[in-house]
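One structure below.
Quick caveat: nothing in here was measured; it's all calculated off a predicted structure.
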Amino acid sequence: MTQRIALVTGASSGIGRATAELLAKNGFYVFAVARRKGRLEQIRSDNIEPIPLDVTDAGAITAAIEHIVTTKGRIDVLINNAGFGQLGAVECVSMEAAHHQFEVNVFGYARFMQAVLPYMREQKSGRIVNISSILGKIALPGFGWYAASKHAVEALSESLRGEAKAFGIDVTVIAPGLIRTEFAAKQFELLKTVKHPLAYQKIIRGLHHLLAGEPEAPDPEIIARAVVKAVTKPVPPVRHALPWDSKTAVIARWLLGARFFAWAIRQQMRI
């Protein structure tokens, strides 16, 4: 059987790295994409080929897809995972920072989807998995711009699912909750660059309370296993949320109602 070809973005650490390695173990040939070349080289193997690039570089993305198709003859799977979280109050995050959030988290995904879709349409098959977030359905204080980007990913995925189904292309959204990665540490460093007046200090402390459990959260392998299932099942899931916090959050908001759910979140954040 022909070896299936996968591309994973954000593959230098966390969910992306775990996914690239698990796909390779399951017989895929994986092109691992990320900015950090040194980190990528750590996972190079017979079935993992690193491609260092920035997901905001449209030319580099086009060249990468052409390289994949030229060398392997096809592309079967795209895992969109590269992204970051711009924390901070909506009022205080600069428009420049907000634009960059969307450039990476939304347009980065879109660039890869637009680059692979012509080839998947021609071969009449393909799987696209977009890594969203628990915040793709629920926005919390201090996460406004990040949540907005993930809401956009969910909307694009839903539209594309209907557009591409007739071409044999399936689109799945996987929405992680809190996972043990470098996310919190990186985003708290970025948060320091946002100037907040004293009025918002309770919100900032609330973000720390909310993300304090990351060191005890599940490993990224839980998401990697969900990705592998999504690209190997005959009928992939439309949307898969995990672990338990992501599974239950949308249901809780529906059961409690928007007003009471927002109160419960404020209690958890101590704001």
Side-chain angles (χ1 to χ4, degrees), residues 1-55 57 60-82 108-131 157 160-161 163-174 176 219-238 240:
M1 188 165 67
T2 303
Q3 186 178 33
R4 296 181 71 189
I5 310 301
L7 184 156
V8 180
T9 74
S12 62
S13 64
I15 291 171
R17 178 169 179 161
T19 298
E21 292 178 329
L22 191 58
L23 284 168
K25 287 178 182 177
N26 280 270
F28 286 78
Y29 189 91
V30 181
F31 289 89
V33 170
R35 289 182 304 160
R36 294 179 290 184
K37 184 177 180 180
R39 285 281 194 96
L40 280 178
E41 287 299 328
Q42 294 174 5
I43 63 171
R44 181 186 287 276
S45 69
D46 290 342
N47 283 319
I48 300 179
E49 181 177 334
I51 301 181
L53 61 77
D54 190 314
V55 298
D57 187 338
I61 291 171
T62 300
I65 302 305
E66 289 177 351
H67 165 70
I68 292 169
V69 175
T70 299
T71 57
K72 297 297 181 180
R74 60 187 297 110
I75 181 163
D76 300 293
V77 171
L78 167 65
I79 312 298
N80 265 324
N81 168 72
Y109 279 29
R111 289 184 187 98
F112 275 98
M113 289 189 289
Q114 289 187 340
V116 303
L117 279 164
Y119 298 104
M120 289 183 174
R121 279 195 294 104
E122 185 177 353
Q123 67 196 27
K124 295 181 173 60
S125 66
R127 296 281 175 96
I128 295 175
V129 178
N130 289 331
I131 305 298
S157 301
L160 179 59
R161 187 178 301 116
E163 295 165 358
K165 187 66 176 177
F167 309 131
I169 302 168
D170 290 300
V171 180
T172 294
V173 168
I174 293 182
D219 289 328
E221 284 73 17
I222 189 175
I223 307 300
R225 290 194 294 271
V227 172
V228 172
K229 288 180 181 178
V231 301
T232 55
K233 280 186 173 182
V235 181
V238 169
H240 188 19

Next on the checklist: If we count only N and O atoms by modelled type, under 3.5 Å, do the side chains of Asn130 and Ser157 hold a donor and an acceptor together?
Outcome noted: yes
Item to check | Heavy-atom closest contact (Ala230 atom, Thr172 atom, distance) | outcome: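 Minimum heavy-atom contact is CB-CG2, 4.1 Å.
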Checklist entry - Which atom pair, heavy atoms only, marks the closest approach of Ile131 to Tyr109? => result O-OH, 2.7 Å
Next on the checklist: Between the side chains of Arg127 and Asp76, is the shortest nitrogen-to-carboxylate-oxygen separation below 4.0 Å, so that they form an ion pair?
Outcome noted: no
Item to check | Verdict with reasoning, Val33 to Leu53, per side-chain contact (heavy atoms from CB on, under 4.5 Å) | outcome: CA-CA 7 Å; Val33 170; Leu53 61 77; 3.5 Å; yes
To the nearest 0.5 angstrom, please state how far the [atom1] atom of [X] sits from the [atom2] atom of [Y].
| X | Y | atom1 | atom2 | result |
| --- | --- | --- | --- | --- |
| Arg225 | Asn26 | CZ | CG | 11.5 Å |
| Asn80 | Arg111 | CG | CZ | 11.5 Å |
| Asn47 | Leu23 | CG | CG | 10.5 Å |
| Tyr119 | Arg74 | OH | CZ | 13.5 Å |

Checklist entry - Does the side-chain contact (heavy atoms from CB on, under 4.5 Å) test come out yes or no for His67 and Ile51, once each step is laid out? => result CA-CA 10 Å; His67 165 70; Ile51 301 181; 4.2 Å; yes
Checklist entry - Should the pair Lys72 and Tyr29 be classed as cation-pi, given the thresholds of under 6.0 Å to the six-membered ring centre and 45° from the axis? => result yes
Checklist entry - Between Arg161 and Val171, is there a donor-acceptor pair closer than 3.5 Å when you use the side chain of the first and the backbone of the second? => result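 Confirmed, Arg161 side chain pairs with Val171 backbone.
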Next on the checklist: Closer than 3.5 angstrom, by distance alone: can the side chain of Gln123 be matched with the main-chain N or O of Ile75 as a donor-acceptor pair?
Outcome noted: yes
Item to check | Pairs involving residues 33-42, ordered by first then second residue, that meet side-chain hydrogen bond (donor to acceptor under 3.5 Å, both in side chains) (sequence neighbours left out) | outcome: Ser12-Arg36, Ser13-Arg36, Arg17-Gln42, Arg39-Glu182, Glu41-Arg44
Next on the checklist: Checking side chain to side chain contact (heavy atoms under 4.5 Å, CB included) between Val227 and each of Ile15, Thr19, Asn81, which is the one that passes?
Outcome noted: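 It is Thr19, the one option of Ile15, Thr19, Asn81 that forms the side chain to side chain contact (heavy atoms under 4.5 Å, CB included) with Val227.
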